[in-house]
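Model, not experiment: these values are computed from the prediction. Throughout, a chain's letter reflects where its sequence line sits, starting with A, and its residues are numbered from 1.
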2 protein chains.
Amino acid sequence: MYAALLAHIARYVALTPAETQAVSARFTCQTVPRKAHLFEAGQPCPGNYFVLQGCLRLYFVTEKGVEHITRFALENWWLTDYVSFLSQQPSALGIQAVEPTTVAVLSYQNQEALLAQVPALERYFRLLLQRTAAADQNRWMFQLRDSTEERYWHFSRSFPGFVQRVPQYMLASYLGCTPEFLSKVRAKANSGKATPGLAPKGGIS
Amino acid sequence: MYAALLAHIARYVALTPAETQAVSARFTCQTVPRKAHLFEAGQPCPGNYFVLQGCLRLYFVTEKGVEHITRFALENWWLTDYVSFLSQQPSALGIQAVEPTTVAVLSYQNQEALLAQVPALERYFRLLLQRTAAADQNRWMFQLRDSTEERYWHFSRSFPGFVQRVPQYMLASYLGCTPEFLSKVRAKANSGKATPGLAPKGGIS
DNA sequence: CGGATCGTTGATCAACTTCAACGGTCGTGG
DNA sequence: CCACGACCGTTGAAGTTGATCAACGATCCG
């Protein structure tokens with residue numbers, strides 16, 4: 001049932017068959033269509049989500065109705081609103097499926113119980129969070145160093161194919177710019193007027 | 001010797017006296033003057049730093065010589081370059097003391113050994129990293145939602161006193177703008193021409 | 001076919017940068 | 001003790017980047 005999840009855990013820590021069984025028992029499986037919400041702003045984030053198939057976005061909406069995406073999650077990524085998940089207070093964000101998506105859900109209570117039951121998972125989550133911290137550090141470096149245009153090309157080179165999976169306006173929202181601006185960046189590249197060194201290697205595919 | 005550190009750990013997990021002893025044995029203490037480096041870009045990040053007294057900055061320098069600060073650490077905060085610390089490859093960043101600073105250092109080898117020796121610390125670090133993830137999520141929300149000016153006022157309200165501890169140009173570097181711009185933002189507030197709702201509550205102290 | 005959704009394009013506008021010059025403060029050496 | 005220089009914040013003019021607004025086109029799906 002949770003083969004991908006168990007394989008992911010096995011990459012970091014070794015579990016006994018009994019522990020593997022205990023892990024499986026604590027998760028629930030959830031499949032949602034495109035645009036469905038796993039939860040919405042205002043309710044406490046109900047769990048920690050592991051993406052088995054599909055794509056999620058973690059986002060919030062400003063007073064003026066503008067949406068901002070703080071994070072995406074693809075297959076084999078974890079996603080949650082850590083602020084709400086830890087405090088169990090109503091969330092300021094929501095998680096929505098960008099594509100039809102299947103996730104393994106670990107509720108807060110189940111995570112607590114599972115970590116008490118299988119201490120090796122403390123290590124699993126620590127290692128994961130360290131990698132998340134490293135990824136976030138890199139993201140901040142790009143944010144501080146590069147222009148929006150550079151960040152777009154860097155992102156589309158770093159995650160080839162991902163750019164095709166999500167609508168342009170979500171990319172813009174994640175990168176912190178307007179859809180119009182991204183559109184103009186792409187137009188510039190296609191007309192051969194791209195700033196040297198910025199255009200995608202081999203053009204847009 | 002490491003009272004603040006041990007107290008910090010005790011806020012998350014309970015250790016036996018023997019474990020506490022094992023923890024103390026794995027750390028080294030280091031005191032450096034203002035502007036001294038704990039390590040510089042090019043060398044592998046030698047450890048995970050816990051600030052006992054003072055203030056650190058994690059920063060990098062672009063090809064053109066511009067410095068960008070990705071993170072600060074005050075008393076009772078941990079700081080490291082996670083990318084280099086985890087890979088033990090040369091770092092793209094450096095850590096420098098903003099003030100005379102005393103830190104407890106946990107080398108990569110010692111961290112590995114200590115976690116094997118005192119498994120409860122797996123939980124300690126997991127909890128810490130979760131809180132870091134939550135803080136980072138908030139930081140991204142501010143980054144996406146607010147203007148640089150709003151971020152400055154929000155930051156100086158969130159960390160009262162901190163703005164006085166670090167030079168203005170470092171604040172600018174952390175917030176992702178120029179020192180000149182921050183200077184103008186402050187000038188606007190002092191002359192009573194601040195955008196309503198943006199100025200610090202009760203004026204600049 | 002008709003409506004909604006999403007990307008594109010162009011004109012105008014605001015936020016922020018760049019560059020250059022000036023001024024205050026602090027520590028250090030003469 | 002003073003003077004000098006380094007360091008840091010400030011100010012103003014001009015330039016860039018990216019936002020905003022409005023209109024138009026394409027595509028998809030019911």
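Residues A:Gln130 and B:Tyr82 form a side-chain contact, since some pair of their non-hydrogen atoms from C-beta on lies under 4.5 Å apart.
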Test B:Val23 against B:Phe27 for side-chain contact (heavy atoms from CB on, under 4.5 Å), laying out the working first. CA-CA 7 Å; B:Val23 170; B:Phe27 282 85; 3.7 Å; yes
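Tested against B:Gln137, the residues A:Asp81, A:Thr80, A:Asp136 include a single side-chain hydrogen bond (donor to acceptor under 3.5 Å, both in side chains) partner, A:Asp81.
At a non-hydrogen distance threshold of 4.0 Å, nothing from residues 63-71 of chain A comes into contact with DNA chain D.
Between the OH atom of B:Tyr152 and the P atom of C:dA15 there is a distance of 18 Å, given to the nearest Å. What separates CZ of A:Arg145 from C1' of D:dT17 is a distance of 18 Å, to the nearest Å. In this structure, A:Asp146 atom CG and D:dG18 atom P are separated by 11 Å, rounded to whole Å. Separating the NZ atom of A:Lys188 from the P atom of C:dT8 is a distance of 15 Å, rounded to the nearest angstrom. Taking atom CG of residue B:Leu175 and atom C1' of nucleotide C:dA15, one finds them 15 Å apart after rounding to whole Å.
If you look at A:Phe162 and A:Phe72, their ring centroids are closer than 6.0 Å.
Using cut-offs of 30° and 60° on the angle between ring planes, the pair A:Phe155 and A:Tyr174 is tilted.
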Restricting both atoms to N or O, compile the protein contacts to nucleotides 8-15 of chain D shorter than 3.5 Å, with distance only.
residue : atom : partner  : partner atom : Å
D:dG9   : OP1  : B:Gln168 : N            : 2.6
D:dG9   : OP2  : B:Tyr169 : N            : 3.2
D:dT10  : OP2  : B:Gln168 : NE2          : 3.3
D:dT10  : OP2  : B:Ser183 : OG           : 2.8
D:dT10  : O5'  : B:Ser183 : OG           : 3.1
D:dG12  : N7   : B:Lys184 : NZ           : 3.2
D:dG12  : O6   : B:Lys184 : NZ           : 3.4
D:dA13  : N6   : B:Lys184 : NZ           : 3.2

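Closest approach to the A:Thr178 side chain among D:dG18, C:dT17, D:dA19 is made by D:dA19 (side chain taken as heavy atoms from C-beta onward).
To the nearest 0.5 Å, atoms OG1 (B:Thr20) and CD1 (B:Ile9) are separated by 8.0 Å.
Closest of all the heavy-atom pairs between B:Tyr2 and B:Cys29 is OH-N, 3.2 Å.
Cation-pi geometry between A:Arg139 and B:Trp140 is met: the NZ or CZ atom falls under 6.0 Å from the ring centre, inside 45° of the normal.
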